[in-house]
Amino acid sequence: MAVLTILRYPDPRLHRVAQPVDVVDEAVRELVRDMAETMYAAPGIGLAATQVDVHRRVVVIDVSEARDQLLVFVNPEIVARSQDEKIYEEGCLSVPGIYDEVSRPDRVTVRALDERGEPFTLDCEGLLSVCIQHEIDHLDGRVFVQYLSRLKQSRIKSRLQKAERAVA
Ligand code: GNR
Ligand code: NI
């Protein structure tokens with residue numbers, strides 16, 4: 001097991017589109033274990049493989065209070081979404097210290113494979129709905145700040161680049 005390094009916006013690697021997993025094998029399960037360890041250590045409620053510079057369609061989520069209900073999504077797809085949207089104040093481990101409002105469909109139905117390669121379908125609402133949409137965006141190379149105004153995006157970029165220089 002290993003805690004992996006999380007890429008930080010505006011790293012261009014966050015905009016790569018992840019490729020589907022063709023076989024859920026032991027290597028994928030090892031990636032899932034490392035991603036879970038990384039998510040719990042951060043701590044965060046979700047993590048997409050893109051964020052650890054692995055461009056495969058793998059997501060882990062745990063929105064439980066006790067942090068003991070890991071959800072694994074391989075090749076997740078939104079197969080249905082509600083008409084009505086909800087605004088939520090989002091954050092991202094790849095955009096540390098930045099929180100802003102994003103509007104997304106209130107409820108989504110997701111189809112994916114689990115860590116054994118078994119297909120499942122999950123109806124998501126509330127925080128889980130926000131999180132799975134945020135994570136699938138990462139797999140498609142999208143970071144939540146891209147829903148904000150150009151002005152906010154450029155302010156966030158300079159703030160994070162400045163912070164990066166301060167630690168370098
Ligand atoms: O830990 C996280 N919290 C969070 C809060 C509101 C909306 C989305 C998220 S996901 C984030 C972890 C992360 O960056 N996943 O990609
Ligand atoms: Ni994120």
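Numbers here simply count residues along the sequence, with the first being 1.
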Fill in: Taking every non-hydrogen atom, the tightest pair across Arg67 and Gly44
NH2-O, 2.6 Å
Worksheet item: At their closest point, which heavy atom of Cys131 faces which heavy atom of Gly46, and how far apart are they?
Response: SG-CA, 4.0 Å
Worksheet item: Just wondering, more than 12 heavy atoms not from Gln83 lying within 6.0 Å of its CD?
Response: no
Worksheet, complete the sentence: The reported gap from CZ in Arg165 to OG in Ser158 (rounded to nearest 0.5 angstrom) is 9.0 Å
Worksheet item: Val21 and Val58: which non-hydrogen atoms are nearest, and at how many Å?
Response: CG2-CG2, 3.8 Å
Item to complete: Taking the side chain as every heavy atom from C-beta outward, state whether Arg8 and Ser94 have any atom pair closer than 4.5 Å.
Response: no
Worksheet item: If we only count heavy atoms from C-beta on, is the Arg111 to Leu113 side-chain gap below 4.5 Å?
Response: no
Discussion item. So, taking the atom named CG in Asp25 and the one named CD in Glu30, what distance separates them when rounded to the nearest 0.5 Å?
Written reply: 10.5 Å
Response to the item:
Minimal heavy-atom distance between Met35 and Ala49, with the atoms involved, is CE-N, 3.4 Å
Item to complete: Applying side-chain hydrogen bond (donor to acceptor under 3.5 Å, both in side chains), name anything that partners Asp62, two or more places apart in sequence or on another chain.
Response: Tyr40, Ser64
Worksheet entry | Nearest-0.5 Å distance, CD of residue Glu90 to CG of residue Asp100 | 9.5 Å
Worksheet entry | CD on Glu115 to CG on Leu31, rounded to 0.5 Å | 12.5 Å
Discussion item. Applying a strict under-4.5 Å side-chain criterion to I, L, V, M, F, W and Y, I'd like to know whether Val72 and Val79 cluster together.
Written reply: no
Worksheet entry | side-chain hydrogen bond (donor to acceptor under 3.5 Å, both in side chains) partner of Asp140, the single match among Arg57, Arg16, His15 | Arg57
Discussion item. Count I, L, V, M, F, W, Y as connected when their side-chain heavy atoms are under 4.5 Å apart, and connections chain through other members. Are Leu47 and Val3 then in the same cluster?
Written reply: no
Discussion item. The criterion is side-chain hydrogen bond (donor to acceptor under 3.5 Å, both in side chains); which residues satisfy it with Ser129, sequence neighbours excluded?
Written reply: Gln133
Worksheet item: What distance separates Glu85 CD from Asp106 CG, expressed to the nearest 0.5 Å?
Response: 9.0 Å
Worksheet item: Can you find a heavy atom in the side chain of His134 that is under 4.5 Å from one in the side chain of Arg104?
Response: yes
Item to complete: Identify the two heavy atoms, one from Ala112 and one from Pro76, that lie closest to each other, and give their separation to 0.1 Å.
Response: CB-CA, 3.8 Å
Worksheet item: Mind checking who shares a hydrophobic cluster with Tyr9, ILVMFWY linked at side-chain heavy-atom distances under 4.5 Å?
Response: Leu7, Leu14, Val95, Ile98, Val102, Val143, Phe144, Val145, Tyr147, Leu148, Ile156, Leu160
Item to complete: Show your working on side chain to side chain contact (heavy atoms under 4.5 Å, CB included) between Glu118 and Val24 and close with a plain yes or no.
Response: CA-CA 9 Å; Glu118 295 293 328; Val24 183; over 6 Å; no
Worksheet item: Who else is in the cluster with Val63 when I, L, V, M, F, W and Y are joined by side-chain contacts under 4.5 Å?
Response: Ile45, Val59, Ile61, Leu71, Phe73, Ile78, Tyr88, Val108, Val110, Phe120, Leu122, Leu127, Leu128, Val130, Ile132, Ile136, Leu139
Discussion item. Nearest 0.5 angstrom please: Arg81 CZ to Thr109 OG1, how far?
Written reply: 10.0 Å
Fill in: Under-4.0 Å salt bridge between Glu26 and Arg33
yes
Worksheet item: At their closest point, which heavy atom of Glu135 faces which heavy atom of Ala48, and how far apart are they?
Response: OE1-N, 3.4 Å
Practice prompt. Sequence neighbours left out, what passes side-chain hydrogen bond (donor to acceptor under 3.5 Å, both in side chains) with Arg159? Give chain and number order.
Written response: none
Discussion item. Would the distance check show the side chain of Glu37 and the main-chain N or O of Ala2 forming a donor-acceptor pair, the cut-off being under 3.5 Å?
Written reply: yes
Fill in: For Ile87, the rest of its hydrophobic cluster, which grows through side-chain links under 4.5 angstrom
none
Discussion item. For a side chain to side chain contact (heavy atoms under 4.5 Å, CB included) check, start with the C-alpha distance between Cys92 and Gln51, then their side-chain angles and the critical distance, and finish with the verdict.
Written reply: CA-CA 10 Å; Cys92 181; Gln51 292 177 277; 3.7 Å; yes
